[in-house]
2 protein chains.
Amino acid sequence: MSVEETLNPLFKKIQELKPQFIQRLADAVAIKSVSGDETLRPEVVKMGYFLKSELEKLGAYDIQMKDLGIQPPPVDNPKLNLPPVVLSRIGNDPAKKTVLIYGHYDVQPAGIEDGWDTEPFELVVKEDEDKLVGRGSTDDKGPVMGWLNVLQAHKELGLELPVNIITCFEGMEESGSIGLDDLIAQEAETYFKGVDAVCISDNYWLGTKKPVLTYGLRGCNYYQIIINGPGADLHSGIFGGVIHEPMTDLVNVLSKLVDVNGNILIPGVNEMVAKVTPEESKLYDDIDFDVTELNLASGSDTAIYQSKKEILMHRWRFPSLSIHGVEGAFSGAGAKTVIPAKVSGKFSIRTVPDMDSAKLDKLVLDFVNAEFAKLNSKNTIHAELIHDGDYWVSDPFNESFTAASKATELVWGVKPDLTREGGSIPISLTFEKQLKTSVLLLPMGRGNDGAHSINEKVNISNYIEGTKTLGAYLHYFGASQK
Amino acid sequence: MSVEETLNPLFKKIQELKPQFIQRLADAVAIKSVSGDETLRPEVVKMGYFLKSELEKLGAYDIQMKDLGIQPPPVDNPKLNLPPVVLSRIGNDPAKKTVLIYGHYDVQPAGIEDGWDTEPFELVVKEDEDKLVGRGSTDDKGPVMGWLNVLQAHKELGLELPVNIITCFEGMEESGSIGLDDLIAQEAETYFKGVDAVCISDNYWLGTKKPVLTYGLRGCNYYQIIINGPGADLHSGIFGGVIHEPMTDLVNVLSKLVDVNGNILIPGVNEMVAKVTPEESKLYDDIDFDVTELNLASGSDTAIYQSKKEILMHRWRFPSLSIHGVEGAFSGAGAKTVIPAKVSGKFSIRTVPDMDSAKLDKLVLDFVNAEFAKLNSKNTIHAELIHDGDYWVSDPFNESFTAASKATELVWGVKPDLTREGGSIPISLTFEKQLKTSVLLLPMGRGNDGAHSINEKVNISNYIEGTKTLGAYLHYFGASQK
Ligand SMILES: [Zn+2]
Ligand SMILES: [Zn+2]
Ligand SMILES: [Zn+2]
Ligand SMILES: [Zn+2]
């Protein structure tokens with residue numbers, strides 16, 4: 001029987017179970033599993049146990065609720081426990097491949113007072129608008145429920161799974177995935193032994209019409225420049241004009257980093273970037289995107305580039321430098337005449353192949369220190385890296401991507417665009433390095449879902465067709481050469 | 001009888017009443033009259049009525065608790081009443097001169113968690129360190145109690161006051177003196193009719209050893225540069241490198257305003273400043289000050305100038321430009337990868353003779369707009385003046401200053417330094433203009449009292465000798481030619 005013949009009844013069953021699948025998502029959304037709010041930690045834990053109970057019903061075994069210990073500072077409650085990582089297995093046939101599926105069951109904070117049209121933790125079904133609205137509907141409860149839906153459809157059909165599955169569902173993704181790197185390293189040769197591919201469904205289509213597969217992410221090196229002057233904040237009436245002011249020094253140094261068109265001015269940085277080959281350039285030709293989508297997404301007409309290729313290349317394969325803000329200066333409304341004593345300018349650089357992270361740090365910090373030295377200020381500077389995460393690029397034509405491409409084409413009737421993303425999903429790189437296997441990003445939702453924003457939604461069609469796509473991916477991957 | 005003969009028993013009485021005077025200050029400090037904290041507004045009002053009750057006991061009459069109405073927005077409570085201004089008279093002899101004494105009974109916020117060594121609203125008497133520690137001890141409850149002390153000493157001695165006194169004690173000074181300008185204008189020809197001099201005791205010695213009289217203040221024009229980009233804050237991973245970022249534009253423009261040595265770079269500004277005459281230059285020679293005092297006060301070694309004259313001139317008679325901060329950008333601890341959508345850079349210019357405030361505004365705003373235009377950013381700018389207050393300079397040799405100089409010399413045994421201040425006390429100019437009379441700034445506390453800071457104190461000696469100085473000033477001024 002061909003894969004397509006197997007998938008036919010599976011798709012029918014998924015369609016038939018649609019009301020139950022929507023109810024499953026509604027049950028999940030109702031749990032306020034906000035990892036960034038300590039007072040809601042019991043809800044996050046509850047959400048972990050909801051998954052455990054669902055997985056049990058669906059035939060998973062060897063379920064381990066991995067305790068990651070106490071959450072490190074800064075925390076209000078010094079004894080706050082991290083939510084468990086839900087590991088489980090479905091199938092253990094040595095003849096089959098093994099796919100590790102990753103997702104997160106925590107969500108961003110949300111309150112109706114933020115401007116939501118409806119209660120964020122009540123899933124609202126809008127059949128006429130093809131929408132399911134609620135916090136986590138697309139990030140990342142929708143995709144996680146998608147995997148459970150796939151298991152249920154197989155179970156009800158009595159259809160054997162084409163691969164062994166290992167789940168790795170975490171509850172701290174929105175708060176830095178604390179502890180997960182260590183867990184992956186620790187389980188690489190034990191629970192995760194023998195994994196053939198990792199599939200992550202925690203990102204989005206580029207736009208709203210065409211499905212994509214994602215094969216690259218930029219990295220991010222985050223820096224701060226601390227300038228220290230007087231012993232305490234001073235009154236600008238008394239001290240203005242007679243002492244070196246940290247804010248003056250800081251805006252001077254920050255103004256040297258990047259020009260208004262986004263060009264990084266730190267010598268040596270752009271030289272590290274891989275040259276665009278004609279082959280790579282061609283990859284951009286077919287992608288469905290244009291500047292109006294960027295303007296729609298940014299809510300403005302502030303695009304630096306007008307052509308699709310320039311926009312996508314600068315988002316995906318060129319570095320960028322953003323100044324995020326200043327800590328320690330006056331930041332409130334109104335007019336305060338303070339001279340801030342100690343200010344910290346925060347900026348980050350999005351990194352791409354073939355930038356060397358350590359070399360970048362040296363270039364950045366040396367440049368900042370040299371520019372500050374030129375000022376001849378009596379204030380002192382300390383510039384440092386706060387955190388970094390490497391870029392990730394995969395081969396978009398390997399077996400896992402090929403299976404995902406076939407699955408997408410079968411479900412959506414169109415070949416997916418091969419995209420990269422400007423942001424980071426650091427765990428992708430961790431899985432790739434620790435499990436020495438390929439990672440695939442297979443998104444369910446659309447580019448306008450509003451993850452992290454108000455009125456977060458997933459389209460009903462994306463939720464249902466996305467469930468089919470996840471199922472089809474497993475079958476195509478299972479059928480490919482082991 | 002000479003003035004000195006009259007003052008001899010007055011000073012003795014003041015010395016004798018020292019314990020009661022300290023208790024009066026302790027009672028005042030215990031009232032948490034923080035005008036900037038709406039929840040403490042009843043305490044501010046209570047402090048106003050404390051003064052009313054004290055004034056009544058000390059023989060004041062025609063006491064009017066002037067209602068300034070509802071506090072204008074921004075406020076949490078839209079019906080928040082402003083605290084009353086306490087007007088009263090002591091004496092009404094047409095043969096005597098009339099002195100208006102101004103002070104404020106509100107204080108800056110304070111909490112032990114800010115780093116105070118003791119409870120800020122409990123006056124701590126440290127006899128061995130010659131200190132009275134508590135919020136408001138020097139700013140401005142100490143001086144206001146000083147005036148009450150003078151009244152009490154006269155009353156207990158049965159000594160006639162040498163002048164008629166009008167009090168004007170407000171409760172909103174630390175929050176912009178809302179409503180006071182209007183009240184002064186309104187009462188100029190009524191309650192305040194016939195005032196011969198205004199005496200304000202709400203500032204400090206330049207240093208810690210030598211008393212001063214203050215004859216000049218800088219003005220302050222406060223500006224903001226608002227740069228507007230995307231419709232909402234964006235993720236720098238997704239939008240970094242493809243849109244014009246408001247923070248990049250802002251640091252560029254801010255870096256053009258002032259150099260690291262405090263030189264204002266806006267063309268035309270320095271040209272408006274009055275030239276230093278040889279006579280003026282000489283005035284600085286005798287003043288007791290050096291760079292070590294500046295370093296001590298700033299808690300650092302960040303002085304731009306090393307010579308006394310350069311430091312004082314740049315503090316008092318040259319303009320300065322300080323960048324206070326940025327509203328709308330990331331300002332917390334840690335590392336947030338946001339692209340702020342709308343940022344507002346705040347800066348102010350301290351003004352001096354003969355700068356024209358309106359001309360300055362035009363120079364500043366035109367320059368900011370021109371520098372932004374050069375960037376060719378697609379973001380938009382709006383630069384504006386938030387508020388302004390003119391500089392003030394008096395004749396330091398008029399009758400009121402001469403009386404204060406004699407009083408100071410008698411009490412402290414040394415001629416006071418004639419100083420200016422870098423900061424503003426906008427009400428000085430209002431009194432001068434509205435009452436068409438001279439204004440004197442006669443400080444009680446020292447330069448290191450820590451007004452607005454933690455562990456605010458007034459020296460016991462300054463509180464007691466300062467009370468004597470206020471009393472002596474009234475007698476010398478009363479004895480001078482009407
Ligand atoms: Zn997510
Ligand atoms: Zn998320
Ligand atoms: Zn004051
Ligand atoms: Zn004050």
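Side chains are part of it too, since the values below use all heavy atoms of this structure and drop only hydrogens, waters and symmetry mates. The chains referred to below are lettered A, B, ... by the order of the sequence lines, with proteins before strands, and numbering in each begins at 1.
The contact between Leu234(B) and chain A is made entirely by side chain atoms (from C-beta outward), counting heavy-atom distances below 4.5 Å. Proximity to chain A is limited to the side chain of Tyr222(B), based on heavy atoms less than 4.5 angstrom apart. For chain A, the nearby part of Ser348(B) is the side chain; its heavy atoms alone come within less than 4.5 Å. Residue contact with chain A, scored on non-hydrogen atoms closer than 4.5 Å, is absent for Asp233(B). In this structure, no portion of His452(B) lies under 4.5 Å from any heavy atom of chain A. For His235(B), the part sitting under 4.5 Å from any heavy atom of chain A is the side chain, from C-beta outward, and nothing else. Residue Ile386(B) touches chain A through its side chain alone, counting heavy-atom pairs closer than 4.5 Å. Only the backbone of Leu321(B) has a heavy atom closer than 4.5 Å to any heavy atom of chain A. With a threshold of 4.5 angstrom between heavy atoms, Arg350(B) approaches chain A through side-chain atoms but not through N, CA, C or O.
Residue with the most contacts toward chain A among Ala335(B), Ser320(B), Ala232(B): Ala335(B) (heavy-atom pairs, distance under 4.5 Å). Chosen from Leu217(A), Thr248(A), Val242(A), Thr380(A), the residue pairing most often with chain B at heavy-atom distances under 4.5 Å is Val242(A). With respect to chain A, the highest number of heavy-atom pairs below 4.5 Å among Gly231(B), Ser424(B), Ser236(B) belongs to Ser236(B). The greatest number of non-hydrogen atom pairs below 4.5 Å with chain B, out of Pro319(A), Gly334(A), Pro74(A), Ala341(A), is found for Gly334(A). The candidate with the highest count of non-hydrogen atom pairs below 4.5 Å against chain A, out of Ser377(B), Gly241(B), Cys220(B), is Gly241(B). Taking chain A as the reference chain and counting heavy-atom pairs below 4.5 Å, the highest number among Gly345(B), Gly332(B), Pro340(B) is found for Gly332(B). Taking chain A as the reference chain and counting heavy-atom pairs below 4.5 Å, the highest number among Pro246(B), Gly176(B), Ser322(B) is found for Ser322(B). Counting heavy-atom pairs closer than 4.5 Å to chain B, the top residue among Gly229(A), Gly423(A), Ser331(A), Gly328(A) is Ser331(A). Counting heavy-atom pairs under 4.5 Å between each of Asn379(A), Asn295(A), Thr337(A), Leu294(A) and chain B puts Thr337(A) at the top. Interface check for chain A: of the options Ala329(B), Ser344(B), Gly262(B), Ser300(B), the most heavy-atom pairs under 4.5 Å are formed by Ser300(B).
The two residues Lys336(A) and His324(B) come nearest to each other via the heavy atoms O-CG, 3.3 Å. Of all heavy-atom pairs spanning Val326(A) and Met247(B), the tightest one is CG2-CE, 4.4 Å. Listed here is the closest heavy atom pair of Phe239(A) and Ala297(B): CZ-CB, 3.7 Å. The shortest heavy-atom contact between Ile243(A) and Ile304(B) is O-CD1, 3.4 Å. Nearest heavy atoms, Val251(B) versus Ser255(A): O-CB, 3.7 Å.
Lys378(B) contributes a side-chain N or O that, together with a main-chain N or O of Ala303(A), makes up a donor-acceptor pair within less than 3.5 Å.
Surrounding NZ of Lys309(B) are more than 12 heavy atoms belonging to other residues, nucleotides or ligands, all under 6.0 Å away. In Lys308(B), the NZ atom is crowded: over 12 heavy atoms of neighbouring residues, nucleotides or ligands sit closer than 6.0 Å.
In this structure, the separation between OG1 on Thr302(B) and CG on Asn228(A) is 10.0 Å, given to the nearest 0.5 Å.
Side-chain contact between Ile238(B) and Glu421(A): absent, with no pair of heavy atoms (C-beta onward) separated by less than 4.5 Å. For the pair His244(B) and Asn261(A), the minimum side-chain heavy-atom distance is below 4.5 Å.
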